[in-house]
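Working notes, beginning with the structure itself.
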Amino acid sequence: MRSSQYLLSTQKETPADAEIISHQLMLRAGLVRKLASGLYTWLPTGLRVLNKVADIVRDEMNKAGAIEMLMPVVQPADLWQESGRWEEYGPELLRIKDRHKRDFVLGPTHEEVITSLVNNEINSYKQLPINLYQIQTKFRDEVRPRFGIMRSREFVMKDAYSFHTDQASLDKSYQAMYQAYCNIFERLGLEYRPVIADSGSIGGAVSHEFHVLAESGEDAIAFSDSSDYAANVEMAEAIAPSEAKATPSETLTKAETPNVSSIEQVCEFFNCSSQKVAKTLLVLAEPDDKGVHGLAALVLRGDHQLNEIKAEKIDGVYSPLTMASAEQVKQATNCEIGSVGPINSKLPVFVDRSAAHLTDFVCGANETGVHYSGANWTTDAAEIQVVDIRNIEEGDASPDGKGKIEIKRGIEVGHIFQLGDKYSKAMNCGVLNESGKHQVLEMGCYGIGVTRIVAAAIEQNHDKFGIKWPDAIAPFKLAIIPMNMHKSHRIQQIAESLYEKLISAGIDVLFDDRKERPGVMFNDMELVGIPHTLVIGERNLDNNQIEYKNRQSGEKQLLDIDSILEWVKTI
RNA sequence: CGGAGAGUAGCGCAGUUUGGUAGCGCACCUGGUUUGGGUCCAGGGGGUCGCAGGUUCGAAUCCUGUCUCUCCGACCA
């Protein structure tokens with residue numbers, strides 16, 4: 001490609017509404033342009049990258065035995081009513097009507113369509129297992145689209161769906177996809193980690209997320225420093241402290257604590273560390289037969305953070321997790337929020353493992369302006385249930401018993417699930433099995449955010465000059481930068497012939513043949529992030545040499561003109 | 001949904017307080033100059049000042065309404 005016949009569209013200045021680096025660089029380097037909130041046009045350079053990512057994904061999916069197909073973006077509402085998600089999915093599902101006033105949705109995902117299709121096309125267990133996928137535009141009407149391409153409303157996703165007659169077969173496909181995903185991110189040249197994940201609203205039991213590691217990531221991931229263990233912090237199990245529980249030595253003592261409510265104030269008043277305090281949070285319990293919510297008490301060590309996702313999975317706690325209002329607390333306990341505690345509580349009490357390990361601790365006394373010290377579970381609290389409801393923290397013991405936890409940030413770019421029969425059951429999708437009986441299928445689903453990978457790759461690979469693409473997904477592999485070509489016939493000749501040679505050899509090359517000063521070309525090529533550049537200038541031409549520069553390492557070297565083609569093939 | 005901020009040329013911004021012919025830088029066009037890291041000079045094109053209504057002799061500026069965009073929040077007593 002020649003720059004003069006291409007749409008480079010680079011910008012010197014950063015658009016004011018771009019907050020994160022990948023968004024800024026995607027705009028400046030001319031990869032995308034915003035059309036409206038969460039909607040982006042992909043310019044030629046951006047599309048080149050997007051296509052390279054998609055090609056790698058496609059190749060590895062095919063190698064793993066998945067079969068590509070394509071489903072419509074617009075889907076009839078009745079499929080969603082059948083699966084129950086017309087009601088469940090909420091306002092993220094964009095609903096539209098056609099001219100006949102029939103309801104449709106813009107597909108945020110395709111479980112319904114594929115399940116319906118497979119139900120019609122597949123009739124026998126002999127045709128299974130099968131894994132079908134597509135690479136296609138999705139639409140999710142996000143509450144707040146942000147971070148440019150990272151969380152946009154319209155985006156490209158690779159979604160695959162596998163169908164099985166038994167769990168063993170599902171396990172096998174799941175493993176194959178897990179491996180395919182590792183291969184994909186390996187080939188993309190990104191630093192990534194598969195992590196144990198919450199399956200969320202999509203349902204099912206087993207689930208892994210694939211994260212590209214980057215400071216700006218929205219998710220926190222807990223790693224063991226000495227094993228393969230990695231889990232989303234949402235999910236990572238926080239185990240009880242390993243040291244033996246201390247022997248209680250104090251007796252329960254009441255203290256008047258006017259205006260003491262926060263953990264900080266409590267610590268100051270009792271002159272103790274927050275690790276000696278049990279904090280009690282009141283949340284809604286599951287409603288009774290009349291639909292009335294009681295309250296439940298969640299108890300954590302003062303220095304620990306509640307994990308909402310773990311908490312709302314507890315039997316007896318209402319999901320979605322809802323904190324009790326000040327009035328509800330007052331009504332249930334007859335005291336102010338800051339003095340609520342687990343001792344003599346009339347509510348069901350769920351105690352985090354670490355809080356349950358406390359001895360001689362401080363807590364609220366369920367009496368406004370009063371706290372206890374010297375409290376002990378064995379002697380002072382009647383019935384409690386010990387649960388895991390806190391966020392894992394840096395330095396905690398790894399749940400697999402090996403090493404300590406480190407926490408890093410990641411961008412979720414892939415997610416695989418074992419769905420079980422959630423959709424196949426709702427939509428009665430099955431086949432005849434070996435004994436001629438109708439059998440509902442087991443399903444797996446496997447997603448990759450293709451557009452998000454582009455942004456994540458930039459978050460992980462950039463410097464103050466611009467993007468530093470990994471070779472595999474760079475819009476161009478190599479740039480030719482001639483110095484003042486319009487003034488030197490010799491330079492023009494060599495640049496042209498080199499360009500022709502590289503093109504014939506199938507190299508993805510950008511020939512910057514614009515009549516620009518060298519600085520402009522260098523800056524543009526570095527901003528766009530082309531991994532390799534060849535600089536042709538009078539300076540080295542007398543020695544029959546041209547200069548090579550590597551964008552990632554900054555390494556420079558002089559190359560013999562005659563050997564360039566062979567050399568380029570080796571990089 | 002709650003809070004905060006912003007809409008003036010393709011991009012970045014000034015002008016709004018105190019109403020009086022719409023500006024600057026980048027980008028773009030023409031000519032010259034320069035040429036291994038965003039040269040310099042001269043000339044030029046481009047804007048219903050988000051939209052609608054109102055006040056006024058006169059509105060980017062004041063008033064009312066409305067739309068759009070951005071950020072933060074919507075767990076941790």
Side-chain angles (χ1 to χ4, degrees), chain A residues 7-20 23-24 27-28 30 33-39 90-91 143-148 151 233-234 257 259-266 274 277-284 297-312 317 320-326 328-330 333 335-341 352 355 363-364 366 368 371 389-391 393 465-466 481-488 491 512 514-527 533-541 546-547 549 556:
Chain A
L7 187 64
L8 211 46
S9 280
T10 53
Q11 293 181 325
K12 267 190 204 176
E13 281 176 292
T14 306
D17 56 7
E19 199 72 9
I20 59 166
H23 190 198
Q24 294 174 354
L27 292 167
R28 286 192 54 212
R33 290 289 179 260
K34 186 170 78 174
L35 180 63
S37 178
L39 303 175
V143 198
R144 180 146 88 89
R146 58 182 126 178
F147 307 139
R151 185 174 292 282
V233 164
E234 291 175 347
T257 55
N259 302 319
V260 170
S261 68
S262 72
I263 293 298
E264 260 174 48
Q265 292 165 338
V266 169
S274 57
V277 179
K279 69 175 169 187
T280 306
L281 315 180
L282 299 187
V283 298
L284 294 194
L298 305 179
V299 182
L300 294 159
R301 217 169 70 184
D303 58 323
H304 284 152
Q305 309 281 307
L306 177 68
N307 181 312
E308 205 176 313
I309 290 174
K310 290 179 184 175
E312 67 188 21
V317 172
L321 192 75
T322 313
M323 302 303 287
S325 68
Q328 287 170 317
V329 171
K330 183 95 188 183
T333 64
C335 84
E336 299 291 337
I337 278 180
S339 302
V340 170
D352 183 70
C363 62
N366 289 323
T368 300
H371 278 75
I389 50 170
R390 74 172 173 96
N391 278 338
E393 288 179 355
F465 302 109
I481 307 184
M483 299 290 99
N484 305 306
M485 184 166 73
H486 62 284
K487 284 184 71 176
S488 163
I491 287 176
D512 201 347
R514 294 175 298 174
K515 192 184 167 189
E516 286 287 358
R517 291 169 57 86
V520 175
M521 296 188 189
F522 287 132
N523 282 312
D524 270 349
M525 296 304 116
E526 280 161 15
L527 174 60
T533 46
L534 294 172
V535 183
I536 304 175
E538 292 286 354
R539 195 190 276 177
N540 301 310
L541 231 42
I546 63 180
E547 184 185 302
K549 187 172 177 188
K556 288 181 183 178

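Note: hydrogens, waters and symmetry copies are ignored here, and every other heavy atom, side chains too, is used. What you see is a predicted model, and the numbers here were worked out from it, not measured in a lab. A, B, ... follow the sequence lines: proteins, then strands. Residue 1 opens every chain.
- Taking atom CG on A:L27 and atom P on B:A27, their separation rounds to 19 Å, with Å as the unit.
- For A:H486, the side-chain atoms get nearest to B:U35 when compared with the rest of B:G36, B:U35, B:U70.
- Among the atoms of the strands shown, none is found under 4.0 Å from any heavy atom of A:E538.
- When the nucleotides B:C76, B:G25, B:G37 are ranked by their closest atom to the side chain of A:E526, B:G37 comes out on top.
- A distance of about 24 Å separates the C1' atoms of B:U16 and B:C71, rounded to the whole Å.
- Side-chain proximity of A:V143 to the nucleotides B:C69, B:A74, B:U35 is greatest for B:A74.
- Residue-level contact check: A:I263 touches the backbone only, with heavy atoms under 4.0 Å from sugar-phosphate atoms and none from bases.
- Neither OP1 nor OP2 of B:C26 sits under 4.0 Å from any side-chain N or O of A:K12.
- Contact annotation for A:G338: backbone-only contact, meaning every heavy-atom pair under 4.0 Å involves sugar-phosphate atoms and none involves a base.
- When the P atom is used for both B:U68 and B:G25, the distance is 35 Å, rounded to whole Å.
- The residue A:N540 sits close to a base: some heavy atom pair falls under 4.0 Å.
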Legend entry - Chi angles and distances behind the salt bridge (Lys or Arg N to Asp or Glu O under 4.0 Å) call for A:K487, A:E538: CA-CA 11 Å; A:K487 284 184 71 176; A:E538 292 286 354; over 6 Å; no
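- If you check every strand for non-hydrogen atoms under 4.0 Å, A:H23 touches nothing.
- Contact annotation for A:R390: no contact, since no heavy-atom pair falls under 4.0 Å across all strands.
- The side chain of A:V520 lies closest to B:G38, out of B:G38, B:C26, B:U35.
- To the nearest whole angstrom, the two C1' atoms, one in B:G23 and one in B:A9, are 11 Å apart.
- Residue A:E547 is classed as a base contact, given a heavy-atom separation below 4.0 Å to a base.
- On the C1' atoms, B:A6 is 16 Å away from B:C51, given to the nearest whole Å.
- In terms of phosphate contacts, A:R144 brings a side-chain nitrogen or oxygen within less than 4.0 Å of OP1 or OP2 of B:C71.
- In this structure, A:N391 reaches neither bases nor backbone, as no heavy-atom distance under 4.0 Å exists between it and the strands shown.
- Residue contacts shown for A:V340 are absent, as no nucleic acid heavy atom lies under 4.0 Å away.
- Phosphate contact (OP1/OP2 of B:U70, side-chain N/O of A:S37, threshold under 4.0 Å): present.
- Note on A:K549: a base of the nucleic acid sits closer than 4.0 angstrom, heavy atoms only.
- Counting non-hydrogen atoms under 4.0 angstrom, A:N484 reaches a base of the nucleic acid.
- Mapping A:T14 and A:I337 onto RNA chain B by nearest heavy atom places A:T14 closer to the 5' end of the strand.
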